[in-house]
Number of protein chains: 2
Amino acid sequence: MTDRNPAAGKPIRTAISDEDGIDFAIIELFFFAYRDFTSDPDQILADYGFGRAHHRVLHFVNRRPGLTVAELLDVLKITKQSLARVLKQLIDTDHVVQLQGPRDRRQRELYPTAKGRALALALARPQSRRIHAALEDTGAPERALVERFLEAMVNPELRAQIDVGSAKMSGKSHGEH
Amino acid sequence: MTDRNPAAGKPIRTAISDEDGIDFAIIELFFFAYRDFTSDPDQILADYGFGRAHHRVLHFVNRRPGLTVAELLDVLKITKQSLARVLKQLIDTDHVVQLQGPRDRRQRELYPTAKGRALALALARPQSRRIHAALEDTGAPERALVERFLEAMVNPELRAQIDVGSAKMSGKSHGEH
DNA sequence: AGATTATGTCAGTACTATTGACGTAATTTC
DNA sequence: GAAATTACGTCAATAGTACTGACATAATCT
């Protein structure tokens with residue numbers, strides 16, 4: 001079991017590379033960058049007994065206060081059952097509160113508490129520091145370019161979810177009617 | 001349980017935003033971009049009964065043929081036990097072969113087979129297409145800039161793992177001595 | 001009144017990851 | 001040459017995140 005299986009294919013000894021027209025360099029960089037990018041908050045979350053899923057929920061509840069459960073599911077692209085445990089824990093620990101929807105009382109609007117806002121900021125801080133440092137290394141005016149690249153990496157039909165525009169408006173969340 | 005818990009904190013109704021000096025826009029974009037970036041190969045992997053872990057192993061075995069198990073663990077930053085099942089499946093399905101290390105017979109050098117190389121390419125193709133499309137949207141000369149940004153996002157002490165340099169050299173993997 | 005919608009919950013499962021322990025073979029150190 | 005270390009494999013137990021499918025309740029819409 002240690003050596004070659006005679007029935008198995010022969011080992012290929014040359015490295016795959018960009019020559020195949022495939023952009024392995026950026027594929028790999030993206031993996032490393034995201035791995036380290038998420039490792040910062042992971043450390044903090046561990047102290048709370050939380051995981052990455054809690055972070056994502058906390059992030060979007062803070063970014064779009066008052067979003068409903070259905071909207072949150074749509075943004076995270078996970079199922080109701082996956083969200084349930086995580087959301088329940090965040091509510092039980094007083095990071096998030098639910099309010100009955102004003103127009104439709106079936107809906108539950110999700111809001112951060114002061115505690116939830118503080119944690120969201122604490123989690124975002126090291127990530128933001130990393131981004132700033134990376135942009136400094138790269139050059140100041142490139143920020144918009146990186147934003148445009150990342151946005152272009154998102155599935156076109158899902159770009160509506162992104163709040164880059166509204167991130168510049170302080171206060172209100174997305175398209176309130 | 002539906003409405004407010006009287007003991008709970010009050011809901012905060014204003015959105016968190018970049019005004020706090022935190023770069024929420026890019027934090028969020030990075031999440032969306034990576035989510036969609038990984039969704040492409042996930043579809044293909046499902047047909048093989050594989051998951052994301054298989055993809056990562058396959059990627060690095062193709063990028064650096066002959067790397068040892070210990071090196072792979074170091075790159076992936078996971079434990080031996082997490083790797084074991086995944087690697088075993090890839091070997092059993094003839095995507096990867098193990099060869100006894102020539103200098104140190106305790107080591108197992110990992111190589112892709114033709115089958116493993118083909119799958120790695122198939123998985124990378126949609127990701128590469130996405131990157132190319134995003135760079136086109138952004139502007140051609142920005143490729144190097146995006147690379148530099150992503151590289152700067154990686155923990156400095158781990159940049160050694162990155163193969164951007166050797167990606168430009170065709171054929172050989174990393175520092176063969 | 002009946003259908004649909006929004007949410008919550010239960011049961012069962014899968015994948016990826018963890019820690020800790022132990023075994024074996026090969027290499028290095030003394 | 002004996003002892004320690006290293007590289008790898010494996011076993012057991014557990015955790016976090018995700019899934020599908022089913023079902024219940026309350027509110028809204030038709």
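Chain naming here is simple, since letters A, B, ... match the order of the sequence lines and numbering starts at 1 in each. As the structure is a prediction and not an experimental result, all values here were calculated from the model.
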[X]/[Y] ion pair, N-O < 4.0 Å:
X	Y	value
A:Glu28	B:Arg64	yes
A:Glu151	A:Arg159	no
A:Arg125	A:Asp40	no

Please state how far atom [atom1] in [X] lies from atom [atom2] in [N], giving the value in whole angstrom units.
X	N	atom1	atom2	value
A:Leu73	C:dT7	CG	P	8 Å
B:Glu71	D:dC8	CD	C1'	14 Å
A:Leu67	C:dA6	CG	P	14 Å

Please confirm whether the shortest side-chain N or O distance from [X] to OP1 or OP2 of [N] is below 4.0 Å.
X	N	answer
A:Thr79	D:dC19	yes
B:His54	C:dT16	yes
B:Ser82	C:dT16	no
B:Arg85	C:dT16	yes

key: Between A:His95 and A:Phe50, ring centroids under 6.0 Å   =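 Yes, they do, as the ring centres are separated by less than 6.0 Å.
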Proximity to DNA chain D (any heavy atom under 4.0 Å), residues of residues 45-52 of chain A only =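 When residues 45-52 of chain A is checked for heavy atoms under 4.0 Å from DNA chain D, the hits, listed by number, are A:Gly51, A:Arg52.
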request  = For B:Glu157, look at atom CD and say whether over 12 heavy atoms of other residues, nucleotides or ligands are found less than 6.0 Å away.
outcome  =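 Above 12, so yes.
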key: Footprint string (nucleotides 21-30 of chain D, 5' to 3'): B base within contact, S backbone only, - free, heavy atoms under 4.0 Å   = BB---BBS--
key: Partner of A:Phe31 under ring-ring contact (aromatic ring centres under 6.0 Å, His included), chosen from B:Phe37, B:Tyr34, B:Phe60   =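 Exactly one option meets the ring-ring contact (aromatic ring centres under 6.0 Å, His included) with A:Phe31, and it is B:Phe60.
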ask   = Do the side-chain N and O atoms of B:Asn155 and A:Arg35 include a donor-acceptor pair separated by under 3.5 angstrom?
value =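 There is no such pair (donor and acceptor under 3.5 Å, judged by atom type) between the side chains of B:Asn155 and A:Arg35.
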query = In terms of the nearest nucleotide of DNA chain D, which residue is placed more toward the 5' end: A:Gln89 or B:Thr68?
reply =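 Between the two, 5'-proximity favours B:Thr68.
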